[in-house]
Every structure is written in structure tokens, then in C-alpha cells.
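In this text the structure is predicted, and so the values were computed from the model without any measurement. Note on naming: letters A, B, ... go to the chains in the order of the sequence lines (proteins, then strands), and numbering restarts at 1 for each one.
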Protein chains: 2
Amino acid sequence: MLDATEGEQQHGLPPTPGSPPTKFLKEHASDLQADFCLVTDTNAWDVDTPAITTRLRGLLYLEATVTGPSHDLHSGLFGGAVPNPINVLTGILGQIHDADGRVRFDGFYDGVRELPAELSAQIRGLPLDEAGFLASVGLKHGHGEVGRTLLERIWTRPTCDIDGIWGGYTGEGSKTVIPAKASCKLSCRLVPGQDPQAIEAAVQRFFEERLPPDCTVSFRRFSSFPDIEVPVDTPWMQAVRAGLKDATDRDGVLIGGGGSIPIVGWFREHLGLDMILVGFGLDDDRIHSPNEKFELKCLRNGIRSHAAILGRLAPGQRG
Amino acid sequence: MLDATEGEQQHGLPPTPGSPPTKFLKEHASDLQADFCLVTDTNAWDVDTPAITTRLRGLLYLEATVTGPSHDLHSGLFGGAVPNPINVLTGILGQIHDADGRVRFDGFYDGVRELPAELSAQIRGLPLDEAGFLASVGLKHGHGEVGRTLLERIWTRPTCDIDGIWGGYTGEGSKTVIPAKASCKLSCRLVPGQDPQAIEAAVQRFFEERLPPDCTVSFRRFSSFPDIEVPVDTPWMQAVRAGLKDATDRDGVLIGGGGSIPIVGWFREHLGLDMILVGFGLDDDRIHSPNEKFELKCLRNGIRSHAAILGRLAPGQRG
């Protein structure tokens with residue numbers, strides 16, 4: 001079985017046609033048939049309240065390397081007369097966002113739909129403790145695209161973040177160097193209506209149009225897949241909702257998710273499976289950070305919920 | 001004896017009052033008295049032609065760290081709603097230069113004098129092979145401040161280069177992370193009229209004025225010293241010029257230098273010494289880069305020149 005919780009760490013395997021996961025799925029499509037697939041790589045609403053994730057953002061993840069001089073140079077002997085790839089790279093990255101926190105890649109928002117009124121009202125009605133959410137990561141102020149609530153920004157709007165950057169001398173003390181190259185890792189979270197391939201082309205043009213003479217840029221792609229929307233009106237979804245209620249005595253909240261789970265798209269595309277996303281993580285689990293945690297109460301809720309969902313799925317128990 | 005060729009690798013020792021070099025010089029000022037000091041940490045004009053460096057740019061070298069969230073965050077669960085320190089840092093660094101290649105720190109050019117007409121004419125008259133100079137580092141085009149020649153940019157104009165940058169995930173493959181902080185090393189080459197302390201304050205304000213809420217910036221200083229101008233009308237300089245002619249059968253060219261040699265300023269300030277700079281490096285020595293070299297012909301020219309200069313300094317030989 002593929003590891004459905006592998007999440008986003010691709011380690012150099014681009015999810016393009018012919019890459020290992022796709023090849024495996026196609027070869028074993030008949031062995032992997034099922035009524036639906038339950039994925040648990042998502043969050044609960046809070047420690048007591050289960051949640052069903054009905055949207056996931058897609059992901060475009062690129063590495064860009066800007067190259068200038070043929071080798072590292074002494075910044076005294078050459079500084080002021082040659083292009084410094086770190087200056088060039090930061091000069092380009094610094095232009096990605098406008099003053100309203102919107103992404104400036106050409107056509108980035110083409111096709112992005114506003115949320116249906118019903119879903120928008122539901123998200124705005126969720127009892128989010130915004131100050132507490134921000135305080136859990138050391139912040140006091142809202143950030144990001146203007147005119148959007150915090151949950152809208154995370155669940156429904158596309159983004160661009162620099163996930164890593166490196167170049168030149170990074171050790172202790174000082175070295176006066178103009179490096180031959182500088183690199184960054186750049187990720188865009190994508191929402192319904194956005195085409196990962198078109199946005200990748202726009203990112204490349206954004207860099208190329210801003211390069212000074214004698215500089216070049218090269219790209220590597222680590223992820224490229226669109227968003228996911230999960231239908232909520234299937235019989236399997238009804239069984240899952242009933243099971244969650246059985247186990248926790250609470251209705252599962254329908255939520256969005258800002259992250260991306262490649263396997264959800266692959267299973268749906270290549271196996272035709274209904275995917276249902278019910279996980280028990282919390283916002284303050286410090287996922288992808290030092291001291292990551294998972295609450296014991298969430299573990300128990302997960303165990304009980306999975307048993308209850310299986311019970312609701314048993315012949316004679318459904319409906 | 002202090003290592004006069006240590007150059008610019010400060011390794012965490014800021015050259016501020018009370019730091020080791022200054023303390024040593026003050027304690028041993030009487031032991032270190034001399035007629036003048038000959039420093040060989042500079043370049044020749046070319047492999048056959050010696051040069052006397054009469055200007056060195058000063059250096060301000062800072063490390064800046066921008067901090068945002070209290071810990072690294074998953075870019076899916078938080079992206080779009082929190083400040084990303086790499087986005088913030090690159091957004092600030094990307095604003096340092098204007099479209100004409102000039103540095104935008106407040107007051108950066110205050111006090112910078114245009115070259116005296118005579119010196120400017122001499123520099124413009126030097127037979128520089130600009131295409132060859134650029135080709136030696138893999139470039140074809142001129143870069144930097146508009147309206148200045150290549151030698152003017154390197155010898156007579158102030159600069160700002162990012163010498164290093166790092167933050168977030170920098171390993172192989174991908175990780176979708178918003179890091180808690182991002183850092184860079186930033187150096188400014190300084191020319192006559194610029195005050196390193198005033199420019200350090202301007203750099204700090206430049207960052208602070210552009211920080212979004214919840215972000216902070218901290219600085220470390222590794223170098224801060226002004227430019228150097230060497231008088232060319234001293235009796236010692238006459239002896240040096242005569243010795244160079246004896247050894248190489250060519251007149252030494254009076255040149256500028258884009259680099260910085262802290263010991264030159266310290267010896268002059270604390271010991272009151274005349275400093276004369278005659279070195280035999282070449283532009284294509286790949287200084288501070290892999291495969292650095294020093295030509296055997298330059299080594300022989302250096303040996304012969306030092307002997308000849310000593311000869312010209314011997315009693316009865318001067319004048």
C-alpha cells in the first residue's frame with residue numbers, strides 16, 4: 001500500500017506522468033479498487049470537535065537558481081561592476097507581492113472563483129479564535145491578502161511563499177564575496193480554477209523578464225498538482241458523518257484545508273476513488289517544525305472514530 | 001607582528017575601539033614605530049607592470065536576521081495568513097538598488113565627492129581591456145551604477161552587495177515550510193566622504209521602516225571602517241617608485257583599489273605610519289574563490305621589487 005500520509009515531502013520525485021506513484025497506480029488499478037478511501041492526514045476543528053476537510057489547495061513547488069559570474073568573486077575587487085546573483089534573486093523575489101499582499105505573477109488569479117455564498121457564509125460563521133490562533137505562533141496581527149478573513153486566506157486563496165533561500169557565505173563571521181549563483185525554493189498554494197502548468201510558466205517568465213544581462217535562471221520542479229474539492233453528498237460521506245457523531249457525540253464540522261495531499265488527487269484521478277478526509281491534527285501541533293506533537297485525546301478520538309465509521313459502514317448499518 | 005595580509009576575514013572580531021587589534025597597537029605603539037609600512041596585499045596593473053594603490057574603499061559589513069513566527073510553520077496550514085521572514089527579507093533587500101544601480105539607503109551618497117579632474121582623467125586614460133576583464137569572470141556586459149566607467153565603479157564609487165543569504169529549507173527536494181527567521185550578510189564598500197556609522201544607522205532604518213507588524217530585525221557588525229587615501233608626494237613613495245622601476249624596467253601605475261585592508265587604516269590611525277601599498281596580484285587570480293592562483297612571474301617581480309626598494313631606501317641611495 002502506498003503511504004497516504006507521505007504528504008508533501010517529494011524528495012525530488014516530480015508528480016508528472018510516468019513518475020513512480022502514477023506508474024504504480026496505473027499498473028495496480030484493479031487491485032486498488034475500493035468503495036472509497038479515508039485519508040487521515042488532516043486536522044480536527046478542535047481537540048473535542050471532529051472535522052471533515054472538503055477542500056485542499058494544490059501546490060506548485062519549484063527551485064530557482066540564478067547564475068551570474070563564472071565563479072565566486074571578491075566583492076572589493078569586483079563589487080559595483082558585476083551582477084551579484086543574490087542581489088538579482090532578492091530583487092526578483094522582492095517584487096512577487098504587491099502592497100495588498102496579492103501575487104504578481106502574470107495571470108495568477110485567472111480563473112480563481114469567489115466562494116459560493118453558502119460556503120463563504122459557513123466559513124465566516126465558524127467560531128475561530130483568531131487572536132488565539134495567531135498567538136499560538138507568536139503573532140498578534142493579521143497578515144496576507146487584504147479584504148479576506150484569516151480562514152479565507154488559508155482555505156480559499158492562492159499564495160506564494162519562499163520556503164528556502166541560500167547563496168554566498170553563510171558561516172560565522174564575514175567573507176566579502178560575490179557568489180556565482182544563488183537559489184531559492186518557491187511554493188504556490190493553488191485553488192479551484194488555477195492551472196499549475198500555466199502558473200509555472202508565469203513564474204518562469206516573471207524571473208526571466210527581470211534578469212539583468214549576463215545572468216541566467218534555471219528551475220527544478222518538485223510538485224505540480226491542482227486543488228481538490230470533495231463532494232459532501234455521497235452515501236460514504238453520510239456514513240462517515242454518522243460515525244464521527246457516534247464516537248465524539250459532536251457533529252463533524254465541514255472545513256477547508258490550506259495544505260496539499262498529493263495522494264488524494266492521484267487516487268481520485270487514477271483509481272476513480274471517492275476520497276474522504278478526516279484527520280485529528282490541531283493547528284498548534286507544530287507540523288513540519290521542531291517539537292511537533294500529536295495530542296493523546298486526538299489519538300483516542302481517532303481510534304474511536306475509525307471504529308465507529310467501520311461500524312456505520314457494516315452491512316445493515318448504513319442509511 | 002600582526003598579519004598585515006589578513007585582509008577582510010574578520011571572523012567575528014569587530015574593529016571597534018577596545019577590540020584586540022586596536023588594543024595591541026596602542027600597547028605596542030612605541031615598539032612598532034617605523035619610517036613607513038609597505039603592504040603587499042594589493043594588485044599589479046598587469047603581469048609585467050607594477051602598480052601603487054593610492055585608494056582603498058572602506059567597508060561596512062553587517063549580518064541581518066529577520067524574525068517572524070515563533071517557530072517554523074507548515075506553509076499549507078499557515079501560508080497566506082502569517083508573515084514569511086524570507087518573503088520579508090527578500091522584499092527589503094530587493095529595494096536596496098534603484099533602476100540606475102544606485103543604493104537607496106538614506107543619505108548613502110551624502111558627502112561623496114566627485115574625483116578631482118586630474119585623477120579622473122588619469123583613470124579614464126588607463127589602458128583597461130574591459131571586455132577581457134569581464135570575460136575573465138564569464139561576463140559580457142557592463143553592470144552597476146549608470147554613467148560610470150568600470151574602473152570608476154570599482155575604485156571610486158560606493159556599493160552594496162549581499163554576500164550571503166540563508167533561511168528555511170535548503171536541502172535536496174522540497175519541504176513546505178514558512179521559517180521562523182531568515183538572515184543575510186550585507187556589505188557596503190565606502191569611499192571618501194562616507195561615514196560608516198551614519199550608513200550603518202541608515203541601513204538599520206531601511207530595514208526597520210519596511211518591516212511588517214510582528215516581524216523584528218537584529219543586526220551584527222563584522223566590519224566598519226572608512227576609506228583610505230594614500231599621499232603620493234612623500235620621500236618614501238619616491239624611493240618605492242624608483243625601486244619598482246629598477247626591478248621591472250617599467251613605471252609603476254598609480255591605481256585605485258576596490259577592496260579594503262583594515263590594517264592599513266589601523267596602522268595609520270594608531271601608529272601614525274605612512275602606508276604604501278604595492279602588491280603583485282592580478283584581477284584573474286580568483287581571490288576568495290575556488291582555484292585561487294598567484295602567478296610565478298608576479299612572485300619573481302615581487303621578490304625583485306622588494307629587494308630594489310630596500311636598495312633605494314639604503315642610506316646614500318635615496319633622493
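A pairwise comparison of heavy atoms in B/T176 and A/R189 identifies CB-NH2, 3.2 Å as the closest pair. In terms of heavy-atom proximity, A/F222 sits nearest to B/G173 at CE2-CA, 3.5 Å. Between B/E172 and A/K185 the shortest heavy-atom distance is C-NZ, 4.3 Å. For the pair B/A81 and A/I154, the tightest heavy-atom approach, listed with the atom from each and the gap, is CB-CG1, 3.6 Å. The two residues B/I287 and A/H74 have their closest heavy-atom pair at CG2-CB, 3.5 Å. Residues A/F78 and B/D283 approach most closely at CZ-O, 3.4 Å, considering heavy atoms.
Your options are B/L134, B/L77, B/L93, and the one with the most heavy-atom pairs under 4.5 Å with chain A is B/L77. Among the candidates B/G167, B/A180, B/G257, the residue making the largest number of heavy-atom pairs closer than 4.5 Å to chain A is B/G167. Among B/P85, B/G164, B/G101, B/G138, the residue making the largest number of heavy-atom pairs under 4.5 Å with chain A is B/G164. The candidate with the highest count of non-hydrogen atom pairs below 4.5 Å against chain A, out of B/N87, B/L73, B/D72, is B/N87. Considering only heavy-atom pairs separated by less than 4.5 Å from chain A, the leading option among B/N291, B/V88, B/I86, B/T159 is B/I86.
Of the inter-residue distances, the one linking B/I96 atom CD1 with A/T90 atom OG1 reads 7.0 Å to the nearest 0.5 angstrom.
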Point to revise | From CA spacing to verdict: side chain to side chain contact (heavy atoms under 4.5 Å, CB included), B/V137, A/H71 | key: CA-CA 7 Å; B/V137 295; A/H71 54 275; 4.0 Å; yes

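With a threshold of 4.5 angstrom between heavy atoms, A/C184 does not approach chain B through any atom at all.
Counting only distance, with no hydrogens or angles, the side chain of B/D163 and the backbone of A/V177 share a donor-acceptor pair below 3.5 Å.
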